[in-house]
Amino acid sequence: MLLVVGQIGKPHGIRGEVLVTVRTDEPEARFVAGSVFTTEVPRDRRVSTGPATAAVPGVPYRVPAKLTLESLRWHQGRIIAQFEGVHDRNVAEALRGVLLQVDSAEVPPPDDPDEFHDHQLIGLTVVALDGTELGTVDRIDHAPASDLIVLRKSAGGVALVPFVSAIVPTVDLAAGRVVVDLPEGLLDL
């Protein structure tokens, strides 16, 4: 499974550098010179950059399947990155909106037993304290106040469950389940 760790933003300068918005808790481990990222061009990319100038005249630039980080520096909480083979602003512009991903197999498990990666939780069965199956974890949303489990309810529809210890007392990865103690009416919203 591929995990999104960043997204390329606008170009910075004329030498092919780009701003990267970080989407990982451990950017210093993911973003180092020599890191290789799998790329994905989102279907809903809102920027229509047009064809970029390629190394071969008349051949449009295509986003490569993999990008290698050549160098980086931090600027106002974001990374200014230089990728191998991207050495002018036109090519950098063609990368705008591209997602940077790593394979989940390359990501070590967290040291804290009460900490989980999103991909570990997706697909787990959600059950109430009495054992009633409520549905499955569809995804994890990261809201400002707390993380939210997006619960795909067995009866249809979705519900947002705050991922806090008072409501989610147990996560059992080995058994493939999340035990929740929901306040009355939460699933009715």
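Keep in mind that this is a model prediction, so the values were computed, not measured.
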I122 and D138: CA distance, side-chain angles, deciding distance, side chain to side chain contact (heavy atoms under 4.5 Å, CB included) verdict: CA-CA 6 Å; I122 294 171; D138 192 44; over 6 Å; no
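- With R30 as reference, T24 is the one residue of V22, D25, T24 to meet the side-chain contact (heavy atoms from CB on, under 4.5 Å) rule.
- Atom NZ of residue K153 and atom OG1 of residue T136 lie 12.5 Å apart, to the nearest 0.5 angstrom.
- The hydrophobic cluster containing F37 does not contain L2, counting ILVMFWY residues as joined when their side-chain heavy atoms lie under 4.5 angstrom apart, directly or transitively.
- With S104 contributing its side chain and M1 its backbone, the two residues share a donor-acceptor pair below 3.5 Å.
- In this structure, L19 belongs to a hydrophobic cluster whose other members, linked by side-chain heavy atoms under 4.5 Å apart, are I80.
- Looking at D88, its side chain does come within 3.5 Å of a backbone N or O of N90 through a donor-acceptor pair.
- To the nearest 0.5 Å, atoms CD1 (I149) and CD1 (I167) are separated by 9.5 Å.
- Listed by chain and residue number, R23, P42, L99 satisfy the side-chain contact (heavy atoms from CB on, under 4.5 Å) test with Q7 (two or more places apart in sequence, or in another chain).
- Rounding to the nearest 0.5 Å places CG of L67 at 6.0 Å from CG of L95.
- Judged purely by atom type and a 3.5 angstrom limit, H12 has no side-chain atom pairing as donor or acceptor with the backbone of A81.
- L148 and L134 are not part of a single hydrophobic cluster, where members link through side-chain heavy atoms under 4.5 Å apart.
- Summarising the geometry of V20 relative to G6, their closest heavy-atom pair is CG1-CA, 4.4 Å, with the distance given to 0.1 Å.
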Worked verdict on D118 versus H142 for side chain to side chain contact (heavy atoms under 4.5 Å, CB included): CA-CA 10 Å; D118 292 0; H142 301 280; 2.7 Å; yes
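- With respect to F83, the side-chain contact (heavy atoms from CB on, under 4.5 Å) criterion is satisfied by exactly one of T68, V91, V98, V18: V18.
- Counting heavy atoms from C-beta on, the side chains of V171 and F163 come closer than 4.5 Å.
- Of all heavy-atom pairs between V137 and L121, the closest is CB-O, 3.3 Å.
- Looking only at distances, a side-chain donor or acceptor of T39 sits under 3.5 Å from a matching main-chain atom of A65.
- A 4.5 Å side-chain heavy-atom check between V178 and V168 finds at least one atom pair inside the cut-off.
- Going from atom CD of E70 over to atom OG of S35 covers 13.0 Å, rounded to the nearest 0.5 Å.
- Taking CG of L182 as the start and CG of L151 as the end, the distance is 8.0 Å to the nearest 0.5 Å.
- Annotation: side-chain contact (heavy atoms from CB on, under 4.5 Å) contacts of A175 (sequence neighbours excluded): D172, R177.
- Contact detail for D141 and R139: the closest heavy-atom pair is OD1-NE, 2.9 Å.
- Paired with E17 under the rule side chain to side chain donor-acceptor pair (under 3.5 Å), one option of R73, H75, R89 passes, and it is R73.
- Heavy atoms only, all atoms of each residue included: V164 and S146 are closest at CG1-CB, 4.1 Å.
- Summarising the geometry, atom NE2 belonging to H119 is positioned 12.0 Å from atom CD1 belonging to I140; distances are rounded to the nearest 0.5 Å.
- Clustering ILVMFWY residues whenever any of their side-chain heavy atoms sit less than 4.5 angstrom apart, transitively, puts V161 in a cluster other than the one holding V127.
- Applying the side-chain contact (heavy atoms from CB on, under 4.5 Å) criterion to T21, with sequence neighbours excluded, gives R78.
- Through direct or indirect side-chain contacts shorter than 4.5 Å among Ile, Leu, Val, Met, Phe, Trp and Tyr, V36 is connected to no other residue.
- The two atoms that bring P110 and E115 nearest to each other are CG-O, 3.5 Å, heavy atoms only.
- Cluster annotation: V126 is not connected to V150 through the hydrophobic network of ILVMFWY side chains, with a link wherever side-chain heavy atoms come within less than 4.5 Å.
- When the shell of 6.0 Å around CG of D111 is examined, it contains 12 or fewer heavy atoms from other residues, nucleotides or ligands.
- Closest approach of H87 and G85 over heavy atoms only: NE2-N, 3.5 Å.
- Under the side-chain hydrogen bond (donor to acceptor under 3.5 Å, both in side chains) criterion, D181 pairs with no residue at all, not counting sequence neighbours.
- Cluster annotation: L187 is connected to L124 through the hydrophobic network of ILVMFWY side chains, with a link wherever side-chain heavy atoms come within less than 4.5 Å.
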